[in-house]
Structure formats: C-alpha cells, structure tokens
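Down below is the structure, laid out as structure tokens.
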Amino acid sequence: MRHDHIISAKQLSRADIASVLDRAAEIDEDPGAVADRHSGKLLGTLFFEPSTRTKMSFTAAMKRLGGDIVDMGPVDQSSVKKGESLADTVRVVEGYADALVMRHPLEGSAKMASEFVDVPLINAGDGAGQHPTQTLLDLYTIRESAGFDDLTVGIMGDLKYGRTVHSMAHALTNFDAQQHFVSPESLKLPRGVRYDLHEAGASMREHTDLNEVLDTLDVLYVTRIQRERFPDENEYREVAGQYQIDADTLAAAKDDLVVMHPLPRVDEIAPDVDETDHAHYFQQAHNGVPVRMALLDLILEDST
Ligand code: NCD
C-alpha cells in the first residue's frame, strides 16, 4: 500500500482495494499462516464514539496476527475529560503503538489527527464523514457474493449522515457499478459527496421509493438512520421507521439479491429476512476480521 494513513475511501485505487481483498482471501483460507506475523507489534485504539464490530474486529485482527492492542478506554475515563486536545492525545499515544485506529464524532478529525503523527493512523469513522475500513469489508462481501461484474447496487436509508455510505459510494466508482440511492428527501446524499461522485464518474441515480429499482438490484445496502447526528430529535422522528424491508418486500427482488447492512440495525431489516438466502449482513460483519488483518498486515509491513 502506498498510504500510511487510511483516512478516506477516496484515496483507495482499484489496485489498492484489490491488494487488500486478495490478501484477506489468502488469510481467510489459512489464518494460521499469519498467526505470528506481527508478534510484538501494538495497535493503539482510540474510540471517542461507541463501537462494537469495528473495535472488536480490529482487536481480533491484531491479536490473530500475533500482535496486541493498547486501548484508550472509555472517553469519560481518559484525559479528554481533563480537557486534553485531540492533537495532544494522538501525539502522546503514537509513542505507545506501531499504528493507531481512531473513531471520533467530528467529521475531519481523522485527517486532522493524522497530521500530528508519524505512525499510520486508520480512520474507523469520523462523524458523518468516512469509514474506509468498513468499505473494504463491504467490498470483500460483494466480491464473495454478487461479484463486481456489471453490478447494480441500491444504497438505502440515511445517505446524509451515513459515513459507511459516503465511503462505499466512492469506492464503487472504481468498478463497473450502477448505483441507486434511495432515501427520504431530507436524507439525500450531501451535496459535497454527490459532487465528488460525479467527478469520479459515478453512474448514479437518486430515488425516494425502493420499488422503482428493487427488481434490478444485485446488492441492496441498507443503513440505519443515524439518530445521534440529527441536530433536532423531531427531525429524526419524522423519518424514523421509514425505509424498512421485510421478507415480503423482497418478493419483488431477484432471487440472488444480496442484502447487506453495516450494522447495528434498529428496525430497517425485519428479522424474517435473516432466514432468507438474501441475508449477508452477519457474514459481512464477520468479514471484518480477515479484511482488517489484511489491511494491518499491509500497513505494518510497509511501516517497518
Ligand atoms: C457503522 C458506523 O459506525 O458508521 N457501524 C459500523 O462500523 N459497522 C454504521 C452505523 O453505526 O450505523
């Protein structure tokens, strides 16, 4: 990989994506082969926002490469509580680890923090900005299920605040993919993201009704309404509960439609979908380990 810091999916070329996905597939085949590969290495984890999958799968990934993690712990028990700036925190913590993973509620924070450190910094979500490692595991899931040839993807839900959407939509411009964005008017893609997608040559359309495109889709990527990012709870209530799918909804879809979700889900996908062959979201979450192992392996290999 050419990049030390992984901040945005925009920096990932098709070749970068292929190198991570190919490495992940090798690791998936034979995880034992890399069990000691990075013994003695430490990954610093700084989560200023809640996380289950991202934090645990990065931890599992580092440990399965023979390394370990040093974790900042909950924000309210860290020096952030005493008023320490993000710049100071990362400058200190880079002395404790060979690479850093950071999640923070402010868009742009990962980029800013990366300017203060020499060890590689991986953005695990910066507010409504980007979440590039989620995209890598999402792409891995697509490659293993629908494949990348002549792909039609629907991305539905909170396209305004959903950072997984922003990263994914950009990464898909590297492939021959038609993208359909489905959301309420108020949660459409932000203007800046739409502009970037056009600049990158995206083939895309926007919709408010899933039924306009459902039967054309190979992949449906469903997302949670990002309640914590709404400035006004009433605005959230206006859109909450819309854009749900259940097994009946999917009767109109292709038999081999792949339904994905970065998780956690709230009520966007009814539990009756879990029993269908469409459900790929738990496998998707599990793919986080080999994909993050691959990414860490490539980054740590380069930085030594
Ligand atoms: C996502 C996130 O944090 O952006 N979660 C994840 O990392 N799998 C999606 C979400 O919180 O809705």
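Ligands are counted one by one from 1 in listed order, and the atoms in each one are counted from 1 as well. Nothing fancy with the numbering, it's 1 onward along the sequence.
Evaluated by nearest non-hydrogen atom to atom 8 (N) of ligand 1, the leading choice among Ala128, Pro264, Ser57, Pro262 is Pro262. Considering each of Val266, Thr223, Leu263, Thr52, the one bringing a non-hydrogen atom nearest atom 5 (N) of ligand 1 is Leu263.
Checking His166, Gln130, Lys111, His131 one by one against Ser8, the side chain to side chain contact (heavy atoms under 4.5 Å, CB included) holds for a single residue, Gln130. Screening Thr54, Ile69, Leu100 for a side chain to side chain contact (heavy atoms under 4.5 Å, CB included) involving Thr45 leaves a single residue, Ile69.
Of all heavy-atom pairs spanning Asn234 and Asp232, the tightest one is N-OD1, 2.8 Å.
Per-residue contacts place Gln134 under 4.0 angstrom from the following atoms of ligand 1 (heavy atoms of the residue considered): 6 (C), 7 (O), 8 (N). Residue Thr54 approaches ligand 1 through these ligand atoms, each under 4.0 Å from one of its heavy atoms: 6 (C), 7 (O).
Neither the backbone nor the side chain of Glu49 comes within contact range of ligand 1; no heavy atom lies under 4.0 Å.
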(request) For side-chain contact (heavy atoms from CB on, under 4.5 Å), just list the numbers for Gln283 and Thr141, CA-CA rounded to whole Å, side-chain angles, deciding distance to a tenth of an Å, and then say yes or no. (result) CA-CA 8 Å; Gln283 181 58 45; Thr141 307; 5.5 Å; no
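Classification of the Phe230-Tyr236 ring pair by plane angle, with boundaries at 30° and 60°, yields perpendicular.
Nearest protein heavy-atom contact of atom 3 (O) of ligand 1 is Arg163 NH2, 2.8 Å. Nearest protein neighbour of atom 11 (O) of ligand 1, counting heavy atoms only, is Arg224 NH2, 2.9 Å.
Within the structure, the closest approach of Arg103 to ligand 1 falls below 4.0 Å when heavy atoms are considered.
Residues Tyr281 and His261 keep their aromatic ring centres 6.0 Å or farther apart.
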